[in-house]
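Worth saying up front: this structure is predicted, and the values here are computed from it rather than measured. Quick note: numbers below take in every heavy atom, side chains included, and nothing from hydrogens, waters or symmetry partners.
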Amino acid sequence: GPPPAVSAPRPRGATGVDPDGALLWRERRELLSPLGARCESCGHVNVPPAGAVLCRRCGEQELSVVDVARRGVVLTYAVSTALPRALPSPLTMIYADLEDGTRWKALGTGADVDQVATGDAVELVMRRLGLDDGIPIYGLAFRRSS
């Protein structure tokens, strides 16, 4: 008969992504600063840029990585209490329209769970989001701004 199936090793970490793995190292610049992939044909900024090989608006292939705005306004949000053990609960997921027209999704900073509202001014900041098997997870988060 066929040889026994060998399962691939499961990634370490509570998030299902190895905190020391190649995926996080490859995409660390994108995880730590607001970047997009601007289409050279129509000008649309595709976010996130990782994996963007075609413009999501027009289908063209010529894209260049650009910085996007850090400040914006909350479009909508949701408070989640069912999170991987590496993240504190509850956390707010915020969708915001940034000053340059880019729509961005990120966690709230944690202090905003009871205070965030549609229309609030927010800004993207780098924060320690949690601990995964003792390794800090850093990424972009929205905090309220004035």
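Considering only heavy atoms from C-beta on, Leu87 comes within 4.5 Å of Leu129 through its side chain. Considering only heavy atoms from C-beta on, Leu91 stays 4.5 Å or farther from Ser80 through its side chain. Residues Val116 and Ile94 meet the side-chain proximity criterion, which asks for heavy atoms closer than 4.5 Å. The shortest distance between side-chain heavy atoms of Ser41 and Glu62 does not fall below 4.5 Å. A 4.5 Å side-chain heavy-atom check between Ile137 and Leu131 finds every atom pair outside the cut-off. Side-chain contact between Arg143 and Arg127 is present, with at least one heavy-atom pair separated by less than 4.5 Å. The shortest distance between side-chain heavy atoms of Asp133 and Arg85 falls below 4.5 Å. Using a 4.5 Å heavy-atom cutoff, the side chains of Leu75 and Thr118 are not in contact.
For Trp104 against Val47, the heavy-atom pair with the smallest separation is CZ3-CG1, 3.6 Å. Contact record, Glu123 with Ser145: OE2-CB, 3.8 Å, taken as the closest heavy-atom pair. Between Val45 and Arg38, the shortest heavy-atom contact is CG2-NH1, 3.5 Å. When every heavy atom of Gly130 is checked against every heavy atom of Pro88, the shortest pair comes out as CA-CD, 4.5 Å. The two residues Phe142 and Ala96 come nearest to each other via the heavy atoms CZ-CB, 3.6 Å. Closest heavy-atom contact between Ala141 and Ala106: CA-CB, 4.3 Å.
Under the 4.5 Å side-chain heavy-atom criterion for grouping Ile, Leu, Val, Met, Phe, Trp and Tyr, Met93 is connected to Leu83 within one hydrophobic cluster. The hydrophobic cluster containing Leu63 does not contain Val66, counting ILVMFWY residues as joined when their side-chain heavy atoms lie under 4.5 angstrom apart, directly or transitively.
Atom SG of residue Cys39 and atom NE2 of residue His44 lie 8.5 Å apart, to the nearest 0.5 angstrom. In this structure, Arg128 CZ and Thr109 OG1 are separated by 14.0 Å, a value rounded to the nearest 0.5 Å.
Remark: Gln61 CD is loosely packed, at most 12 non-hydrogen atoms of other residues, nucleotides or ligands lying under 6.0 Å away. For Arg56, the CZ atom counts as densely surrounded, since its 6.0 Å shell holds more than 12 non-hydrogen atoms of other residues, nucleotides or ligands.
Of the possible polar contacts, one joining the Asn46 side chain to the Ala37 backbone as a donor-acceptor pair under 3.5 Å is found. A donor-acceptor pair under 3.5 Å is formed between the side chain of Arg70 and the backbone N or O of Leu124. When atom types are taken as modelled, the side chain of Asp100 and the backbone of Val68 share no donor-acceptor pair closer than 3.5 angstrom.
No hydrogens or angles considered: a donor-acceptor pair under 3.5 Å links the side chains of Ser64 and Glu40.
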TODO: Quick one: do Leu35 and Val65 satisfy side-chain contact (heavy atoms from CB on, under 4.5 Å)? Show the steps, please.
DONE: CA-CA 7 Å; Leu35 299 174; Val65 175; 4.2 Å; yes
